[in-house]
Amino acid sequence: MKIEFIPIDFNYIDFEGKSYIKLIGRTRQGKRICVIDSYEANFWAILNEGVSDKKIDEVRKKIEKIEVKLVSRTTNVLKTELHNKKFLGKDVKAIKIFITNHKDAHAVADEIGFEEIFKRREYDVPLISKYIIEKKVLPLNWHEVEGEILNNSLEFGGIDSVLDVDICIKANSIKKLEKQEIYEPKILAFDIETNEFEIGKGNVLMISLYGKNFKKVLTWKKCALKQDYVECFKTEGEMIKKFIEYVKSYGPDILAGYFSDGFDLPYLRAVAEKNKIKLAIGIDGSQPSFARGRIPSGKINGIVHIDLFRFIETAYSQYLQSETLSLNEVASELLNEKKHDFDFTKLSNMKEEDWRDFFSYNLQDSALTYKLAEKIWPDMFEFSQVMQEPLFDITRDKMSSHVDNYILHNLERFNEIAEKRPLDKEIGERRNREKYEGAYVFQPIPGLYENIGIFDFTSMHASIIVSYNLSKATLLEKKEKNCIESPEFELNKEKRNFYFSKEKGFFPLLLEEIVELRKKYKKELKEKPDAIKKARSNAFKLLANAYYGYLGFFGARYYSIESAATTLAFVRKFNKEIIEKVKQEGYEVIFGDTDSVGFVLDKKTKQQTFDFLKKLNSELPGIMELELEDFYKRGIWVTKRSGEFGAKKKYALINEQGKLKIRGFETVRRDWCGLARSLQNDVLRKILNEGNEKSSVKIVKETIERIKERKIDLKELMIRTQLKKPINEYLSISPHVVAAKKMEEQNIPVSQGMLIEYYISETNGKKSLVRDKVKLPNEKGLYNIEYYLDRQILPSVENILDVFGIKIKEIIDGKKQMNLGEF
DNA sequence: GGTCCCTAGATACC
DNA sequence: ACAGGTATCTAGGGACC
């Protein structure tokens with residue numbers, strides 16, 4: 001029996017003490033297929049240098065006799081093989097140890113601490129990853145499987161009769177097909193509405209489902225009004241049963257939610273339990289399980305549960321303008337579609353038409369989730385292709401895991417045995433380490449500048465790692481002749497240099513490939529744009545960007561603080577050198593941060609500037625490259641609020657097409673009120689467009705006037721600040737903490753990570769602390785004129801107008817006196 | 001109640 | 001806990017007058 005299929009969900013099963021891989025996927029006809037594949041679990045014992053062949057034979061015999069008795073099974077070594085391998089770039093002899101069950105690899109490894117053994121490795125690589133690497137069965141790629149159909153077979157505990165699949169095959173061989181194309185998955189989105197926020201506390205009022213030609217709202221609440229997609233049930237339990245039934249009959253590849261790992265799925269499971277119902281949505285009739293972690297990951301057997309929020313958070317958020325990653329903001333940016341309105345305060349007293357609105361609100365959430373899933377599918381698909389890990393994992397992994405996985409899946413080409421993950425002790429040590437020195441930031445001189453050019457290094461950190469061959473494996477213990485020497489820098493309060501081999505290591509080589517592939521796909525994208533090329537180029541870009549941070553990340557397999565610190569030493573060196581060279585060429589340097597330099601062209605032409613850039617590039621080593629970021633018509637730099645020096649990381653530019661680039665200013669900070677932000681934005685735009693402050697001063701004065709006259713809408717005065725830890729853990733009780741406490745008192749759900757919204761009101765009596773004047777949006781009150789003038793408007797424009805010698809404080813103070821005079 | 005100095009905390013830049 | 005370091009700025013917190 002031969003059949004073509006695409007594996008989507010990866011899992012493993014135990015049968016008679018041995019683990020097998022269970023792949024769930026689709027056939028060309030769209031049938032759901034289960035493929036059971038065998039896998040010879042194994043790990044490595046790397047031998048010390050110089051161990052004799054005779055000794056090696058003895059060691060192998062000892063290892064082959066190992067048997068570990070565990071509670072549920074006994075595991076033993078099946079065979080061993082001797083291989084010439086590499087470990088951290090060095091030639092080693094290593095024994096490949098085959099065992100019955102991968103889960104016991106650690107236990108077996110513990111038994112072989114013989115003196116001839118240098119290191120034991122790869123027992124900590126997850127089974128699925130090992131399987132994908134060794135048997136080359138790639139997620140979301142078409143394969144041909146040859147094997148036997150299981151039909152009411154007793155094999156694997158009669159798995160084929162348990163699983164809700166169309167066909168179940170025991171594989172003899174699986175081959176990846178040459179021709180591949182993007183797969184269009186069958187997606188079902190879901191969303192629930194509840195009367196309590198805490199999981200396990202309240203009821204699920206309704207569940208919405210949205211798929212292709214499929215929309216449903218299931219409820220056990222009032223639904224007399226006709227809405228064709230609403231189905232009513234007598235009890236919560238019956239509603240949940242129907243939900244299970246619909247998931248089964250729709251048969252999705254993907255069940256998508258938004259924040260469903262943290263809310264919808266665990267909530268459903270808890271409520272089902274309360275109703276004594278098994279939430280049997282797995283294709284084997286099992287309930288979702290929750291892997292522990294900061295946010296538990298809800299896994300459904302045979303169906304890939306994706307919490308879109310988690311993928312968007314790591315892979316997408318840096319390209320979004322949205323200030324929060326709420327479904328509403330993300331959907332309106334990516335889909336240009338919003339959530340429906342619903343006033344949750346009505347919940348305690350619902351009329352029939354309120355229920356109707358609530359149902360359509362609920363359905364819309366699923367609809368948005370479904371459309372988002374479709375929209376970002378190319379990115380999820382490409383992440384899976386690039387990292388070669390299953391969908392479930394790549395939609396939850398953080399960037400460090402993506403880097404780890406990319407390396408793991410590409411080590412075979414270098415004949416490398418994988419390094420281990422750090423253990424708790426090592427993680428602790430790494431996290432407690434001293435920080436190393438970071439990048440250089442140029443101190444600007446405040447002022448308005450015209451005719452500006454900015455150069456920056458393309459992927460600076462990555463190109464340094466590649467050009468100087470930096471990594472754990474290429475780091476030398478001491479200086480050798482003909483090696484790479486770092487600039488001198490301080491690490492752990494000690495001045496020193498580090499030395500790296502010139503022989504190319506797999507770690508920088510892989511990064512070089514990533515950079516090359518990124519270039520290639522970016523070029524292809526430019527020639528003929530489509531979503532998949534964009535996603536692919538983006539995946540490589542993110543990988544390249546995360547590679548440097550990975551070196552200094554405590555959880556990394558290939559952690560190398562020396563390499564990370566050396567990368568930064570080179571970053572500082574090159575940035576300072578470029579700044580010096582730009583100065584020497586006769587430009588006035590006004591800006592510089594990490595990998596960039598900004599300067600005034602003055603009498604120099606653009607052509608001269610391009611020629612100069614070319615010359616600078618000819619002097620750069622390796623793959624390092626400097627490029628023109630852009631030319632700007634004008635730019636403004638201001639002083640720090642404390643002190644007369646120019647503020648770093650705060651500037652505004654306008655390019656020749658009239659496009660603004662604002663960095664660091666309150667305009668781009670979400671914890672300032674809308675009025676201050678938009679006023680500052682207007683001021684900056686006017687100054688940069690017009691080259692002087694005249695009309696800006698006018699709008700500032702008008703705004704001051706409007707505040708004083710109480711003409712400002714409270715909406716524009718709301719301050720939003722994130723609650724970054726649990727309320728009771730705050731040492732200093734700042735306004736947003738007070739606001740959060742107030743929310744708790746009013747039974748408004750508050751949780752860590754939420755944006756807390758409040759405004760500052762006038763108060764009776766003499767309260768001097770800001771936090772005593774905090775009011776929630778639902779609390780009636782007058783805004784505090786003094787606060788908004790002195791602490792929002794003034795700081796947002798003071799330093800900008802100061803560049804022109806305008807003292808806006810005097811204007812405000814004048815107005816305030818006038819205001820008092822009126823009373 | 002005001003000033004000084006320091007820290008906690010949030011959010012930005014690259 | 002889930003890439004790194006650099007930087008700005010507000011409000012609170014405590015000492016002191």
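Numbers restart at 1 for each chain; the letters A, B, ... are given by sequence-line order, proteins then strands.
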Quiz item: After noting the C-alpha distance and the side-chain angles of A:Glu562 and A:Ser486, does the key distance pass the side chain to side chain contact (heavy atoms under 4.5 Å, CB included) rule?
Solution: CA-CA 10 Å; A:Glu562 299 86 353; A:Ser486 78; over 6 Å; no
Quiz item: So A:Leu620 and A:Glu625, side chain to side chain contact (heavy atoms under 4.5 Å, CB included) or not? Walk me through it.
Solution: CA-CA 7 Å; A:Leu620 289 171; A:Glu625 192 184 351; 5.5 Å; no
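Contact check, A:His736 against B:dG9: no side-chain N or O comes under 4.0 Å of OP1 or OP2. Remark: A:Arg669 is not in phosphate contact with C:dT8, judged by side-chain N or O atoms under 4.0 Å from OP1 or OP2. Between C:dG13 and A:Arg771, a contact under 4.0 Å exists linking OP1 or OP2 to a side-chain N or O. Regarding contacts with the backbone of B:dC14, a side-chain N or O of A:Tyr651 is found under 4.0 angstrom from either OP1 or OP2. For A:Lys649, no side-chain nitrogen or oxygen approaches OP1 or OP2 of C:dT8 to under 4.0 Å.
Heavy atoms of A:Tyr559 sit nowhere under 4.0 angstrom from any nucleic acid atom. Within the 4.0 angstrom heavy-atom criterion, only backbone atoms of the sugar-phosphate kind lie near A:Gly552; the bases stay farther away.
Taking the side chain of A:Ser400 as heavy atoms from C-beta on, and the options B:dA12, C:dC2, C:dG5, the nearest nucleotide is C:dC2. With C:dC2, C:dG12, C:dG5 as the candidates, the nucleotide lying closest to the side chain of A:Phe554 is C:dC2. Comparing C:dG4, B:dC14, B:dG9 by their nearest atom to the side chain of A:Thr594 picks out B:dC14. In this structure, of C:dC2, C:dT10, B:dT11, it is B:dT11 that holds the atom nearest to the side chain of A:Lys724.
Between A:Tyr547 and A:Tyr550, the two ring planes are tilted [angle within 30° to 60°]. Taking the six-membered ring where tryptophan is involved, the planes of A:Tyr406 and A:Phe540 are perpendicular, since the angle between them exceeds 60° and thus also 30°.
Of the P atoms belonging to B:dA10 and C:dC2, the separation is 14 Å, rounded to the nearest Å.
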